[in-house]
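One structure below.
Here is how names work: the chains are called A, B, and so on, in the same order as the sequence lines, proteins then strands, and each is numbered from 1.
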Protein chains: 2
Amino acid sequence: MKKPTIKDVAKLAEVSFKTVSRVVNNEESVSEQVRARVQEAIKKLNYQPNHTARLMRKAPFSLAFVYDNPNSHYVIQMQNGIISQCRAKGFELVIHPTDSKSEEVGKELAAMIGSKQIGGVILTPPLSENRELLTYLLNHDAKVVRILSGAEAPDALAPVVYVDDIDAGEKMTQYLLQQGHQQIAFLGYHPAHESSKGRLRGYQLAHDNANISVDRNLIIDGEFTFESGMQMTKRLLAQPKLPTAIFACNDEIAAGAVFMCRLQGYKIPEDISIVGFENSPFSLQTWPPLTTVNQPNVEIAARAAAMVIDMMQDDKNHTVESCGFQLDLVLRDSVCAPNNTPD
Amino acid sequence: MKKPTIKDVAKLAEVSFKTVSRVVNNEESVSEQVRARVQEAIKKLNYQPNHTARLMRKAPFSLAFVYDNPNSHYVIQMQNGIISQCRAKGFELVIHPTDSKSEEVGKELAAMIGSKQIGGVILTPPLSENRELLTYLLNHDAKVVRILSGAEAPDALAPVVYVDDIDAGEKMTQYLLQQGHQQIAFLGYHPAHESSKGRLRGYQLAHDNANISVDRNLIIDGEFTFESGMQMTKRLLAQPKLPTAIFACNDEIAAGAVFMCRLQGYKIPEDISIVGFENSPFSLQTWPPLTTVNQPNVEIAARAAAMVIDMMQDDKNHTVESCGFQLDLVLRDSVCAPNNTPD
DNA sequence: TTTTATCTTGTCAACGTTGTCAAATTGAAT
DNA sequence: ATTCAATTTGACAACGTTGACAAGATAAAA
């Protein structure tokens, strides 16, 4: 049994197929009588308009989510946020994992956009930080929205959803300072990682505001992984002056820190308070559960999707405003006031 | 500047647009001269064939990945496996997260398949376990491939990619037995979780083969989470007879077990060996890294995708064979021979 | 040279929808 | 009744591509 087309419905309802089209698209000028008859026919035949054929006549109805990120949870959250918008507004999502280090990303994306009738693109870090890629895409007249976070104010080439890492880093550090911590280590600064820069900047800012000077020895460089978290913590704990709290640049590092501290016999949070960043599942994959910063990725992605869709639908090319997200702390049990001042 | 169509290319190359189509589709009967001229024109105009219009004439070129799974890493791996096949074979992937508990899943999926010209569907647990959904989809003549794992032999309604949990559970248990463990606890049996049944079955089998009877008290029910892992381990450790090894039903449980053991002062693996299942990032999110079972999700998904594509392309409806995957152990440092026999 | 076979190219319809515009119908006002 | 406007409906082209088939060009055989 073939899939019914609009013409089959028309025949059954004894109207022209154009009228069926009108009913399907909820257009005004159809009498109630006819509308009812057509709707009945639609139901009887179980007719579904052909998305593909539709696309050919109308403006593009697809947007692409381009990413190159090893963090599954992040990607899925993004995806979900975008899909929610797509479903609400009848758009199609094309996911496009790629390799940000490849020379060909630009071409590859342009090709995809061209062939798949894609109207808009959402870029996440680190792809969204690639200025060349962005201009390349803009030159191939794609509508682009970038999701960015970090210390640099984003340029104005295209609308951005900006995550305020500086503010969040500051809030978290402030919180630790308020708890009475004065020796706060910072784990996981990485020059290639924009977010880490922002978070460190906030850390610094909070110290400045409190008139407390930062001990450079407490800032340790490393990767955003559990393994690296353990290594960094080991190095940290080998130093003469012990911190009373650790601000880890993400939850995985924090989990590694928790582990290493325990291995060396420190109690968490009694001996050392530890906080993470991201509110990922990893923040609950340790004990006690980590105080962390919530990144509302689903909302962020939904916002970005709404923006691209807006840009696609808007003919007159009115500029879509960038927007910023402030992050909130998630207080759990990995922090307490410092009891013993380490010597 | 408008997107160039096949006709623009034709005009530039001074041939009919049909000839361009032939060049684009790499058909035989085009003279080298003309082909070169057309290709040049294509390059000059940066022409990309319109995927959408193509779809309208040809057989469906899209397949859907339907899932309802809280495990981001799993979903991403699946997605990647499927995408690899789609790219290789020029297919389009539509991802469709859904709610398996909803009454409407079937209708929802049928609607999606109908409207988006989807030729095939890949189902993962728990959706793939839903017989009703499957028959519903088959009745709406969709091509379906299911990814399944567990203790039940899958029915023959549609081709299946089957993950042999029983065998894997048996292998892992055998390994622990070979290390000299006799008191092996099993954490995370859950009646609603097919995989856990299979793994437990394998655990039982290995004991049977070794002529060792299983102590029912060592089998603890629970969820597939870190939190539950901690709880179960707490219960386990409260029992008079301590195990020398713990077989956790997945890595998160195992990580929880590691944590709880440590909290109670047991050393891993010296006092208690612990193994997980899945080889997820969580298995490295603890210390020591977990011995676990590798689930080659990317390959599994790629296989499933290849199968659906096969079914879609094959007109004569030849039956695609189901296939099974055997899993392999990943030996890391969370296991050693039991030193002290607990009393 | 003519015929035939083969290879290359072109013409046109079709896919399922929406946009444009004209035709038919309705209803109100004269 | 007649006219006019407003509403409802329909005919047809168009979107960018591929498939079926016909036409033209070329090469080989007569």
Can you check whether any acceptor in the base of D:dG16 is under 3.5 Å from a donor in the side chain of B:Lys7, or vice versa?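 Between D:dG16 and B:Lys7, which were checked side chain against base, a qualifying N/O pair under 3.5 Å is absent.
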Regarding D:dG19, can its base be found pairing with the side chain of B:Arg22 as donor and acceptor, where the two atoms are less than 3.5 Å apart?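 By the distance-only test, no, there is no pair.
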Check this one for me: any side-chain N or O of [X] less than 4.0 Å away from OP1 or OP2 of [N]?
{"X": "B:Asn50", "N": "D:dC15", "answer": "no"}
{"X": "B:Ser31", "N": "C:dT9", "answer": "yes"}
{"X": "A:Arg54", "N": "C:dT18", "answer": "yes"}
{"X": "A:Thr19", "N": "D:dT9", "answer": "no"}

In terms of side-chain heavy atoms of [X], which of [options] is nearest?
{"X": "B:Tyr47", "options": "D:dT17, C:dT18, D:dT18", "answer": "D:dT17"}
{"X": "B:Val30", "options": "D:dG19, C:dT9, D:dT17", "answer": "C:dT9"}
{"X": "B:Ser16", "options": "C:dG10, D:dG16, C:dT18", "answer": "C:dG10"}

What is the distance, to the nearest angstrom, from the [atom1] atom on [X] to the [atom2] atom on [N]?
{"X": "B:Glu28", "N": "C:dT8", "atom1": "CD", "atom2": "P", "value": "9 Å"}
{"X": "B:Gln48", "N": "D:dG16", "atom1": "CD", "atom2": "C1'", "value": "14 Å"}
{"X": "B:His51", "N": "D:dT18", "atom1": "NE2", "atom2": "C1'", "value": "14 Å"}
{"X": "B:Phe17", "N": "D:dG16", "atom1": "CZ", "atom2": "C1'", "value": "9 Å"}
{"X": "A:Leu55", "N": "C:dG16", "atom1": "CG", "atom2": "C1'", "value": "12 Å"}
{"X": "B:Glu14", "N": "C:dT9", "atom1": "CD", "atom2": "C1'", "value": "15 Å"}
{"X": "A:Lys11", "N": "D:dG10", "atom1": "NZ", "atom2": "P", "value": "15 Å"}
{"X": "A:Met56", "N": "D:dA14", "atom1": "CE", "atom2": "C1'", "value": "9 Å"}

Select base, sugar-phosphate, or nothing to describe what B:Ser29 touches, counting heavy atoms under 4.0 Å on all strands.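 Counting heavy atoms under 4.0 Å across all strands, the contact made by B:Ser29 includes a base.
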Counting the atoms with a prime plus P, OP1 and OP2 as sugar-phosphate, which does A:Val34 contact under 4.0 Å by heavy atoms, base, sugar-phosphate, or nothing?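 Sugar-phosphate only.
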In a table with atom names and distances, give each donor-acceptor pair under 3.5 Å that connects a side chain of residues 20-27 of chain A to protein atoms at least two apart or in another chain.
unit_1, atom_1, unit_2, atom_2, d
A:Asn25, OD1, A:Arg54, NH2, 3.1

Pick from A:Leu63, A:Leu127, A:Val66: which one makes a side chain to side chain contact (heavy atoms under 4.5 Å, CB included) with A:Ile122?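 That would be A:Leu63; it is the only one of A:Leu63, A:Leu127, A:Val66 passing the side chain to side chain contact (heavy atoms under 4.5 Å, CB included) with A:Ile122.
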Other residues, nucleotides and ligands only: do more than 12 of their heavy atoms fall within 6.0 Å of NZ on A:Lys107?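 No.
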Answer yes or no: is there a side-chain heavy-atom contact under 4.5 Å between A:Val161 and A:Leu148?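 Side-chain contact under 4.5 Å: no.
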Residue whose closest nucleotide on DNA chain C lies nearer the 5' end, B:Arg35 versus A:Thr5: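 Its nearest nucleotide being more 5', the pick is B:Arg35.
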Check the side chains of A:Gln85 and A:Lys89 for a donor-acceptor pair under 3.5 angstrom, ignoring hydrogens and angles.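 Yes, a side-chain donor-acceptor pair sits under 3.5 Å.
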